[in-house]
Visitor: 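Submitted below is the structure of interest, expressed as C-alpha cells.
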Protein chains: 2
Amino acid sequence: MNISEVAERSGLPSKTIRYYEDVGLIAPGRSANGYRSFAETDLHKLAFLGRARSLGFTIDECRRLLALYEDRGRASADVKKLAEGHLEDIDRKIAELTEMRRTLSHLVHCCAGDGRPDCPILESLAKGAV
Amino acid sequence: MNISEVAERSGLPSKTIRYYEDVGLIAPGRSANGYRSFAETDLHKLAFLGRARSLGFTIDECRRLLALYEDRGRASADVKKLAEGHLEDIDRKIAELTEMRRTLSHLVHCCAGDGRPDCPILESLAKGAV
DNA sequence: TCTTGACCTTCCAGTCACTGGAAACATTAT
DNA sequence: ATAATGTTTCCAGTGACTGGAAGGTCAAGA
C-alpha cells in the first residue's frame, strides 16, 4: 500500500503518518522507487495509534502502549497503570478548566454587555477580585 | 523597578516578562545601563495579564483585553463577546476531555490489572471497540 | 512520444507560550 | 580585586503536528 491508501484507511493524514515514522512509531518498508510500502500490520498499528491519540495519550505513551501490545508476556497491570496515570492527567485538566469556567462564567454573567464602558470582567482582571 | 522585583510582585517569571515585551504586550522603559525600567503601570498590566492568562485567554486575546481595558470608550459588550467566545472554547475542551475520560475510565475498570497479558484496554485500541 | 496531473519524496519553517542555557556586560558585596 | 548576583541578547527546544516548496515517479490520454 502507498501512503494515501493507508491514510484513507487509517483516518490519519499522510503528514501524520510520515511524522510517526520520523519519531519511530512505525517502520514501513520501501519500494524500489523510494515510496513507503505499508503492510497490513503497519495499517493496524496506525489505527491503534489513532485510537490511542484520540484518547489523549501522548506520543510517548503511545510508544509504550504499542510496546506492551507487542509484548506477549506483558502484565495487564502495566497497561492499567499507564492508563490510570493518563486518567489522572485528564482529571487534572478537567479540574483546571472547570475552575476557569466557573470564574469566567460568573464574570460574564455580571457583565451588562451593552454600550457602556463599565465592565466587571475588566475590573476583575485589573484588581484581582473574582 | 528592575525585572526581578516586577517578577516577584507580579508573580510572573522574568523570562515571561521579557517574552511579553517581545510580543508587544508591554513596553517598559530603559535605564541608562540598558536594564528594563518598569513603572507601576507596567506592573499593573503584568498582573492583569497574569490573571487573564490564568483564565486561559490566549496571548492574542490578552492583547485585545488590554486594548479594551485601556480604551475609555469601549463597550462592555465587546469584552463580554470576547469572554463568551473563550468560554465556548473552554466548554469544547471540557466536553472533549470528559468524553475521553468516560471511555478510558470504562476500559480501566474492565482491566484486571494483574500479571496476565489479557487486557481490554489494548484490545480496544487494537480493534476499535469501546 | 509527450504531456498532464496525481502521487510520492525530503527538507524547512511555523504553530503556542513559554523555558533553558550560553556568553557577555553591570552592579553590589566582601 | 574578586566574587556573586543581576541583567542583557540570542538561540534552541518543547509537542504533535501542519503547510509549503522543490523535485522525482507513475499512469492515462492526445
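So that the names make sense, note that chain A is the first sequence line, chain B the second, and so on, each numbered from 1.
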Visitor: Working to the nearest 0.5 Å, report the span between CZ of B:Arg101 and CG of A:Leu55.
Guide: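 The CG atom of A:Leu55 is 12.5 Å from CZ of B:Arg101, to the nearest 0.5 Å.
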Visitor: A:Ser14 near the nucleic acid: base, sugar-phosphate alone, or nothing, with a heavy-atom cut-off under 4.0 Å?
Guide: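 A:Ser14: no heavy atom of the nucleic acid under 4.0 Å.
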Visitor: Quick one: do B:Lys81 and B:Glu84 make a salt bridge, cutoff under 4.0 Å?
Guide: no
Visitor: Between A:Phe38 and A:Asn2, is any pair of side-chain heavy atoms under 4.5 Å apart?
Guide: no
Visitor: Quick one: B:Asp22 CG to D:dT7 C1', roughly how many Å, whole number?
Guide: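 These atoms are roughly 15 Å apart.
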Visitor: Quick one, B:Arg18 and B:Asp22 - any side-chain contact, counting heavy atoms below 4.5 Å?
Guide: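 Of all side-chain heavy-atom pairs linking B:Asp22 with B:Arg18, none is under 4.5 Å.
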Visitor: If you measure from the Lys or Arg side-chain nitrogens to the Asp or Glu carboxylate oxygens, is any gap between B:Asp89 and B:Lys93 under 4.0 Å?
Guide: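 So B:Asp89 does not pair with B:Lys93 through a salt bridge.
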Visitor: Thinking salt bridges, do A:Asp118 and A:Arg116 make one under a 4.0 Å N-O criterion?
Guide: no
Visitor: Quick one: what's the B/S/- string for nucleotides 22-27 of chain D, heavy-atom cutoff under 4.0 Å, read 5' to 3'?
Guide: --BBS-
Visitor: Is any side-chain heavy atom of B:Leu25 less than 4.5 Å from a side-chain heavy atom of B:Tyr19?
Guide: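 Of all side-chain heavy-atom pairs linking B:Tyr19 with B:Leu25, none is under 4.5 Å.
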Visitor: Charged N to carboxylate O under 4.0 angstrom, B:Glu40 versus B:Lys45?
Guide: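 Salt bridge between B:Glu40 and B:Lys45, a charged N being under 4.0 Å from a carboxylate O: no.
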Visitor: Rounded to the nearest 0.5 Å, what separation is found between the OG atom of B:Ser10 and the CG atom of B:Leu43?
Guide: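 Here the rounded value is 6.5 Å.
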Visitor: Give the rounded distance in Å between these two atoms: CD1 of B:Ile3 and P of D:dT5.
Guide: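 Computing the B:Ile3:CD1 to D:dT5:P distance gives 19 Å.
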Visitor: Between B:Gly34 and A:Arg53, just flag the one whose closest nucleotide in DNA chain D comes earlier from the 5' side.
Guide: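 Looking at the nearest nucleotide for each, B:Gly34 comes out on the 5' side.
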Visitor: Using salt bridge (charged side-chain N to carboxylate O under 4.0 Å, His left out), reason through B:Arg92 and B:Glu96 one step at a time and then give a plain yes or no.
Guide: CA-CA 6 Å; B:Arg92 257 190 299 278; B:Glu96 198 179 339; over 6 Å; no
Visitor: Within less than 4.0 Å of OP1 or OP2 of D:dA16, is there a side-chain N or O belonging to A:Thr16?
Guide: no
Visitor: So does B:Arg36 get a side-chain nitrogen or oxygen closer than 4.0 Å to the phosphate oxygens (OP1/OP2) of D:dT7?
Guide: no
Visitor: Is the phosphate of D:dA16 approached by A:Arg63 (side-chain N or O, under 4.0 Å from OP1 or OP2)?
Guide: no
Visitor: By nearest nucleotide on DNA chain C, pick out whichever of B:Lys15 and B:Tyr19 is the more 5' one.
Guide: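 Closest to the 5' end, via its nearest nucleotide, is B:Tyr19.
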Visitor: How large an angle, rounded to 10°, do the end axes of the helix from C:dT1-D:dA30 to C:dT30-D:dA1 enclose when each is built from five base pairs?
Guide: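 The helix from C:dT1-D:dA30 to C:dT30-D:dA1 shows an end-to-end axis angle of 30°.
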Visitor: Using a heavy-atom cut-off of under 4.0 Å over every strand shown, decide if A:Arg18 touches base, sugar-phosphate, or nothing.
Guide: base
Visitor: Are any of the side-chain heavy atoms of A:Tyr69 and B:Leu125 separated by less than 4.5 Å?
Guide: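 Heavy-atom side-chain distance check fails, nothing below 4.5 Å.
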Visitor: B:Glu21 CD to D:dT7 P: how many Å, rounded?
Guide: 14 Å
Visitor: Within the 4.0 Å heavy-atom criterion, would you say B:Phe57 contacts the bases, only the backbone, or no part of the nucleic acid?
Guide: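 Nothing: the residue B:Phe57, judged by heavy atoms under 4.0 Å, touches no strand.
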Visitor: Where does the chain A footprint on DNA chain C start and end, counting 5' to 3' with a 4.0 Å heavy-atom cut-off?
Guide: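 On DNA chain C, the outermost contacted nucleotides are C:dC7 to C:dC11.
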